[in-house]
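Predicted model only: the values in this text are computed from it and were never measured.
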Amino acid sequence: MIFVKLRSDPENQSVTRLTLIWFALLALASCSRSDSVIVVGSKNFTESVLLGELLAQQIEHRTALRVERRLNLGGTFLCHQALRSGQIDLYPEYTGTALTAILKRPVEQDPDKVLETVSLAYREEFAAQWLQPFGFNNTFAVVVRPEDRGPQPLRTISDLAAVSKDRTIGFNFEFLDRQDGYPGLVARYGLSFAAEPKTMDLGLLYRALRGGQIDVAVGSSTDGLIAAWNLRVLEDDLRYFPPYDAAPVVRVETLERHPRLGDVLADLGGLLSEKEMQRLNHEIDGRHRAVAQVVRELRRGKGL
């Protein structure tokens with residue numbers, strides 16, 4: 001889920017050229033692949049990679065199709081463009097991200113309405129189909145150290161507002177510019193921090209929080225290190241964030257070419273709770289286990 005503002009300096013021109021070359025190579029690869037190959041993508045963070053691997057293993061075990069993995073591709077826009085251009089056939093996405101980051105629609109709190117909105121828009125605008133969600137809502141989480149206190153214990157984001165002028169905050173690069181990101185969060189709660197936000201990779205956020213480099217982190221509610229390190233998630237008491245139900249997004253052309261694929265992937269609907277997803281993330285981030293093995297155990301435990 002990365003938003004990048006490119007300036008017209010040599011470094012960013014170089015990044016742009018590399019990105020174009022990358023897309024060109026993927027386009028050539030997609031043109032030459034067999035109809036019996038399904039390409040599964042994912043974003044560049046643990047949970048998305050895990051869900052991408054889950055999709056890949058489900059297809060491999062329930063169909064005769066061969067799966068090509070392009071996991072850890074990058075942020076939201078990169079995966080979205082790869083889907084639209086046919087460089088990947090499907091990837092896991094989040095309803096709230098699609099609503100605000102891709103479609104630029106106003107924030108909506110009703111999960112069913114959000115899913116309906118993104119499903120209709122993706123079908124009409126991008127020839128892509130949202131399938132049944134995996135079963136959990138991975139909303140943004142405003143996280144502090146357990147010992148952090150103001151005049152009273154910090155339990156809500158409104159509590160944080162009373163002491164934010166003495167705190168520093170950090171989050172993933174994309175959150176800085178999202179419609180459901182930092183500017184709106186600050187405006188809704190009246191937050192004012194001691195310094196400019198620090199942006200960093202998601203994998204570094206909680207270590208920076210735990211180590212005191214920042215006082216507040218904006219991560220994801222299913223991050224495994226939250227429970228493992230006993231960090232405190234502040235309640236979104238003013239309901240700023242929309243729902244972020246994770247679900248597979250598939251090219252309509254792919255579903256038409258392989259009619260059984262939709263039924264096979266539908267068996268993953270409602271499979272995971274928020275607690276289960278947090279545990280799985282911790283298996284990888286906290287215990288440093290291989291994603292493929294964690295997914296194999298999950299499928300075996302679920303009888304898939």
Query raised in the report: Could you walk me through whether Y182 and F171 pass the ring-ring contact (aromatic ring centres under 6.0 Å, His included) check?
Result: CA-CA 9 Å; Y182 183 67; F171 40 73; 5.1 Å; yes
Query - side chain to side chain contact (heavy atoms under 4.5 Å, CB included) evaluation trace for D112 with E116 - result: CA-CA 6 Å; D112 293 333; E116 180 182 9; over 6 Å; no
Requested in this report: Please test D215 against F193 for side chain to side chain contact (heavy atoms under 4.5 Å, CB included), starting from the C-alpha separation and ending with a verdict.
Outcome: CA-CA 10 Å; D215 302 307; F193 291 97; over 6 Å; no
Requested in this report: Could you walk me through whether K302 and E276 pass side chain to side chain contact (heavy atoms under 4.5 Å, CB included), step by step?
Outcome: CA-CA 12 Å; K302 296 288 186 178; E276 285 177 308; 2.7 Å; yes
Query raised in the report: Given T46 and N281, is the side-chain hydrogen bond (donor to acceptor under 3.5 Å, both in side chains) satisfied, shown in steps?
Result: CA-CA 7 Å; T46 298; N281 285 330; 5.7 Å; no
Requested in this report: Begin from the C-alpha positions of L99 and V107 and carry the test side chain to side chain contact (heavy atoms under 4.5 Å, CB included) through to its verdict.
Outcome: CA-CA 7 Å; L99 181 74; V107 172; 5.6 Å; no
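A heavy-atom distance below 4.5 Å is found between the side chains of L261 and I59. By the 4.5 Å heavy-atom criterion applied to side chains, F134 and P92 are counted as neighbours. Annotation: side chain of L265 is in contact with side chain of L90 (closest heavy-atom distance under 4.5 Å). With contacts defined as side-chain heavy-atom distances shorter than 4.5 Å, the pair F136/D245 does not qualify. When side chains are defined from C-beta on, F45 does not count as touching D285, because their heavy atoms never get closer than 4.5 Å. At a threshold of 4.5 Å between non-hydrogen side-chain atoms, the residues V233 and S221 do not count as touching. Contact of the E93 side chain with the K43 side chain is registered, since non-hydrogen atoms from C-beta on lie closer than 4.5 Å. At least one side-chain heavy atom of L268 sits less than 4.5 Å from a side-chain heavy atom of L304.
Note that the CZ atom of R62 and the CG atom of D267 stand 4.5 Å from one another [nearest 0.5 Å]. Rounding to the nearest 0.5 Å gives a distance of 10.0 Å between CD of E60 and CG of L65. Here the CD-CG distance, from E108 to D180, works out to 13.0 Å after rounding to the nearest 0.5 Å. How far CG of D159 is from CG of D237: 7.0 Å, rounded to the nearest 0.5 Å. Expressed to the nearest 0.5 Å, how far CD1 of I169 lies from CG of L185 amounts to 6.5 Å. A distance of 9.5 Å separates CD in Q278 from OG in S273, rounded to the nearest 0.5 Å.
Ring orientation note: the planes of H80 and Y122 are nearly perpendicular, at an angle over 60° on the 30°/60° scale.
The same ILVMFWY cluster, assembled from side-chain heavy atoms under 4.5 Å apart, contains both Y206 and L204. Each of L120 and L255 belongs to its own hydrophobic cluster when Ile, Leu, Val, Met, Phe, Trp and Tyr are linked at side-chain heavy-atom distances under 4.5 angstrom. The cluster map of Ile, Leu, Val, Met, Phe, Trp and Tyr, joined by side-chain heavy atoms under 4.5 Å apart, puts V118 and I102 in the same cluster. The cluster map of Ile, Leu, Val, Met, Phe, Trp and Tyr, joined by side-chain heavy atoms under 4.5 Å apart, puts L271 and V264 in different clusters.
Nearest heavy-atom pair, S48 versus Y94, reported as atom, atom and distance to 0.1 Å: N-OH, 4.4 Å. Residue L160 comes nearest to R167 through the heavy atom pair CD1-CG, 4.4 Å, listed as atom of the first residue, atom of the second, then distance. Closest approach of P248 to L55, counting heavy atoms only: CG-CD2, 3.8 Å. Closest non-hydrogen pair, N44 versus G75, comes out as OD1-N, 3.9 Å. The nearest pair of heavy atoms linking A128 to L83 is CB-CD2, 4.0 Å. Of all heavy-atom pairs between D148 and R232, the closest is O-NH1, 3.3 Å.
Without hydrogens or angle criteria, K198 side chain to A208 main chain gives no donor-acceptor distance under 3.5 Å. One N or O on the side chain of R188 and one on the backbone of L238 form a donor-acceptor pair closer than 3.5 Å.
For the side chain to side chain contact (heavy atoms under 4.5 Å, CB included) test with S42, the passing option among V49, L73, L54, I88 is V49; the others fail. T222 pairs with exactly one of K275, E47, E274 by the side chain to side chain donor-acceptor pair (under 3.5 Å) rule, that one being E47. When the options R69, R70, R299, R296 are evaluated for a salt bridge (Lys or Arg N to Asp or Glu O under 4.0 Å) with E53, the one that passes is R69. When the options R84, R66, R257 are evaluated for a salt bridge (Lys or Arg N to Asp or Glu O under 4.0 Å) with D89, the one that passes is R257.
Checked for salt-bridge contact, R105 and E125 meet the test: a charged N lies under 4.0 Å from a carboxylate O.
More than 12 heavy-atom neighbours from other residues, nucleotides or ligands sit within 6.0 angstrom of CZ on R289. Counting non-hydrogen atoms of neighbouring residues, nucleotides and ligands closer than 6.0 angstrom, the CD atom of E196 reaches no more than 12 such neighbours. In K113, the NZ atom is not crowded: 12 or fewer heavy atoms of neighbouring residues, nucleotides or ligands sit closer than 6.0 Å.
Residues meeting the side chain to side chain contact (heavy atoms under 4.5 Å, CB included) test with E256, sequence neighbours left out: V252. By the side chain to side chain donor-acceptor pair (under 3.5 Å) test, Q129 is found to be paired with R123, residues two or more places apart in sequence or in another chain being considered.
Ring pair F140/F175: centre-to-centre distance below 6.0 Å.
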